[in-house]
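All residue numbers in this chain count up from 1 along the given sequence. Computed from a predicted model, the values in this text were never measured in an experiment.
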Amino acid sequence: MTFIATQIRDAIRREMGEIPRYCSFEVRQVLPAAEGWSLRLRSIYPQQLLNETMEGNTLTWCDANGEKYFSEVADVLLESYAVLIRSCDESTPVVGDQVRIENTNFLEVLAEYWDNPDCIKASEQWTNEVTHNNVVDDTPLVKQPRFPGLRPGQMKALAIPRAKCGYLWGPPGTGKTFTLGVMIAEFMLQHPGKRVLLVSTSNAAVDQALIAVDKSLDTLRKNSLYPPHTFETARVCRYGMSASLSVFDGREHLLPLSMESVEVLQALKARPPTEDNIDWVHTKQRIRDEAKTLSKKALSGASLVAMTTYAALKQRDAIPQSEFDLVVFDEASQISIAQAWAIAPVGSTCLFAGDPRQLGPITQSRDTNVNEYLARSMFHLMEGTLRGGYTGVGSVEQVMSILNEQSRMSNDISDLVSDLFYQDVGLRVADQSTADPQWLADRKTLPLRLDEQNPEQTSWPALVSLEVDQFSNTSGLSNVREDSARHCVRIAKEALRGGYADKLMILTPFRNQRDFIRRLLRQHRCGAIRVSTVHPSQGSEYHTLVFDPVNATGHFMRASKGSRRLLNVALSRAQAQVIMLLSEQDRCNPLYHHFHQRAQRLMELSQ
């Protein structure tokens with residue numbers, strides 16, 4: 001492990017060198033606010049985005065004479081893409097100014113871990129146990145699950161043997177998060193007093209998984225499937241207050257706050273921090289302090305604690321080795337090996353849940369060590385060895401469960417996704433879904449006029465390939481295709497005409513194309529239609545998906561290892577229909593050629 005630790009430290013240093021020290025923004029609006037100013041911002045560079053961790057960081061700007069000034073970010077208001085800064089006597093930013101906010105480097109806490117000899121020793125001990133004696137015992141993680149209506153694959157997943165390192169592979173639509181929720185709920189009820197740590201890559205993913213656990217507890221309680229006293233000991237808590245309050249509507253008991261503080265926080269969000277409301281910042285800080293205190297108590301006493309991987313690494317010194325009986329890594333395909341090895345030793349049993357064929361950890365550097373330890377997840381250890389002699393887990397089949405029944409995608413979309421990405425898994429639509437009339441009705445395609453030459457046609461199959469012009473950089477912006485953007489506008493108008501705005505989603509791999517489409521939609525009064533890049537959409541689903549690859553034969557879309565995963569994520573968001581905007585050139589990419597051929601075949605069968 002000493003050799004591997006040296007490589008990991010090198011990887012972290014190289015990747016940290018790729019992360020900008022500051023993020024740059026343009027000031028769009030300046031308003032007086034509590035004890036300072038509210039600045040509404042616009043990101044200047046697509047990769048440099050405002051985020052909650054910038055709270056407390058330094059903001060700098062220059063006046064007309066080039067004089068530099070500093071202020072502290074008192075709060076980050078993501079809803080309005082704004083920050084509150086404390087008053088600076090000498091100067092105040094004005095509209096049009098460029099400001100820089102000190103960036104929070106998430107790798108710093110990881111670097112601290114791998115610089116600590118005691119931490120390295122803990123990770124070495126864990127990896128040795130996984131390699132040589134992975135299975136703790138033959139006892140299932142959950143004995144004889146009592147939750148009603150589970151599919152056979154989900155029942156099997158709950159019965160996975162206890163292991164130092166186990167895997168739950170959940171392809172899209174298979175109910176991975178639901179299955180995790182049931183698993184954790186039943187584990188706590190069957191083992192009162194045992195503790196669970198749930199970690200994931202983002203606040204949104206943590207919230208989603210935690211609520212899945214709470215919903216499973218509700219179902220088990222309402223059906224009286226466990227004795228009442230077992231529910232009293234199953235204390236569940238979210239670590240930290242970096243969460244969306246609206247997500248926890250009706251489940252405020254999961255937050256590390258008193259109900260009184262939740263109500264105060266809701267009032268603060270509804271009332272902007274105006275100049276005359278000087279208590280706003282102080283009240284918000286008081287609630288933050290309460291959340292920190294209650295979070296620390298939960299960390300040492302709650303049955304289930306849920307937090308981001310970043311928070312877990314920040315609190316790593318406060319968590320003794322094997323403090324938790326079970327550590328669950330949700331969206332584990334996006335958690336790097338270096339992060340997993342740092343967090344895993346706090347659990348006597350670990351479960352990595354995710355899908356290695358969807359998006360992986362995001363890195364900037366192309367360095368070999370970065371690719372090995374930061375750009376790969378624990379799922380890679382199922383498929384081979386890492387340099388340095390670490391051989392991964394033995395008898396993976398014994399400690400891995402695969403979910404292969406999905407209930408999101410219609411039959412035609414499911415068959416396509418299975419053929420392209422999951423042939424060895426045998427991904428298919430669940431029998432319960434195909435037997436459900438409502439599910440089938442919800443998968444009917446929308447009556448849209450997609451063919452300009454034949455406006456009378458409104459019946460289309462689940463897969464549609466629309467012809468667009470090939471990519472040419474006439475706009476002057478990289479990765480922008482004007483013709484496909486205009487097609488997006490035409491489809492958006494159709495959706496609005498039929499009252500289907502909430503059912504349509506437009507995805508593209510590139511931020512520039514996303515922004516270009518958004519501008520066109522606003523110009524044509526179609527701003528209600530959602531547009532996104534692919535990465536933020538993972539975990540979501542939409543009735544009808546429009547996908548614009550922009551340039552499917554470009555280097556990124558053809559040579560990048562992540563391009564296959566990206567298309568997998570995009571296609572598998574759709575419930576009823578995928579509309580692909582493809583040029584003749586795009587169809588030279590084998591993946592998109594396959595889609596086009598499948599769409600043509602379905603079109604012929606439907607006529």
Side-chain angles (χ1 to χ4, degrees), residues 1 4-5 7-8 11-12 110 113-114 119-120 122-136 141 157 160-171 176-177 179-180 183 196-202 205 209 308-310 312-313 316 324 326-363 369-403 425 538 561-562 565:
M1 176 59 81
I4 290 180
Q7 291 184 325
I8 290 175
I12 294 171
L110 187 62
Y113 179 92
W114 287 102
C119 293
I120 295 172
S123 293
E124 182 176 18
Q125 180 181 336
W126 184 83
T127 55
N128 285 337
E129 289 175 354
V130 168
T131 305
H132 300 110
N133 189 25
N134 186 33
V135 177
V136 175
L141 206 56
I160 189 172
R162 293 182 62 227
K164 293 294 293 185
C165 176
Y167 294 92
L168 174 61
W169 182 358
K176 172 187 63 69
T177 302
T179 305
L180 275 184
M183 178 186 290
V196 181
L197 175 65
L198 171 62
V199 298
S200 195
T201 52
S202 66
T308 61
T309 49
Y310 176 67
L313 288 167
R316 185 62 182 81
F324 291 91
L326 173 63
V327 178
V328 176
F329 294 79
D330 190 23
E331 302 297 348
S333 63
Q334 299 179 52
I335 297 173
S336 71
I337 289 172
Q339 290 175 310
W341 281 352
I343 298 170
V346 306
S348 57
T349 299
C350 292
L351 182 70
F352 294 87
D355 182 1
R357 296 185 185 171
Q358 299 223 337
L359 299 177
I362 298 174
T363 54
N369 286 333
V370 170
N371 180 63
E372 196 85 354
Y373 301 106
L374 298 183
R376 297 187 181 190
S377 75
M378 288 294 291
F379 279 99
H380 283 85
L381 301 189
M382 299 189 306
E383 302 169 354
T385 62
L386 290 176
R387 293 181 302 111
Y390 181 69
T391 56
V393 301
S395 60
V396 169
E397 296 80 6
Q398 187 181 0
V399 295
M400 181 176 69
S401 184
I402 302 176
L403 303 173
V425 173
Q538 182 157 328
K561 291 181 180 179
R565 293 181 181 183

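Contact between A340 and F352 at its shortest, heavy atoms only, is CB-CE2, 3.7 Å. Smallest separation of non-hydrogen atoms from T179 and A157: CG2-CB, 4.1 Å. Nearest heavy-atom pair, C165 versus V399, reported as atom, atom and distance to 0.1 Å: O-CG2, 3.6 Å. Taking all atoms of both residues into account, the shortest heavy-atom contact from I343 to A312 is CD1-CB, 4.0 Å. Pairing each heavy atom of A342 with each of L313, the nearest pair is CB-CD2, 3.7 Å. Scanning all heavy atoms of the two residues, the minimum distance from V425 to R357 falls at CG2-NH1, 4.4 Å.
Annotation: side chain of I337 is not in contact with side chain of I8 (no heavy-atom distance under 4.5 Å). For the pair L168/L403, a side-chain contact is recorded, criterion being any heavy-atom separation below 4.5 Å from C-beta on. Side-chain contact check for W169 versus D355: some heavy-atom pair is nearer than 4.5 Å. Side-chain atoms of T127 and I4, non-hydrogen and from C-beta on, never get closer than 4.5 Å to each other. By the 4.5 Å heavy-atom criterion applied to side chains, I120 and W114 are counted as neighbours. At least one side-chain heavy atom of M183 sits less than 4.5 Å from a side-chain heavy atom of L351. Side-chain contact between S377 and I335 is absent, with no heavy-atom pair separated by less than 4.5 Å. Taking 4.5 Å as the limit, some side-chain heavy atom of R316 sits within range of a side-chain heavy atom of P345.
Once rounded to the nearest 0.5 Å, the distance linking OG1 of T349 with NZ of K164 reads 7.0 Å. Distance check, rounded to the nearest 0.5 Å: SG of C350 to OH of Y167 gives 10.0 Å. Note: M378 CE to Q339 CD = 12.5 Å, rounded to the nearest 0.5 Å. Note that CG of L198 and CZ of F329 are 10.0 Å apart. Values are rounded to the nearest 0.5 Å.
Contacts of K176 classified as salt bridge (Lys or Arg N to Asp or Glu O under 4.0 Å), with partners at least two apart in sequence or in another chain: D330, E331. Under the side chain to side chain donor-acceptor pair (under 3.5 Å) criterion, S333 pairs with no residue, sequence neighbours left out. Residues meeting the side chain to side chain donor-acceptor pair (under 3.5 Å) test with Q538, sequence neighbours left out: none.
With N128 contributing its side chain and E124 its backbone, the two residues share a donor-acceptor pair below 3.5 Å.
Ring-plane geometry between Y373 and W341 is classed as tilted, the angle between the planes lying from 30 to 60 degrees on a 0 to 90 degree scale.
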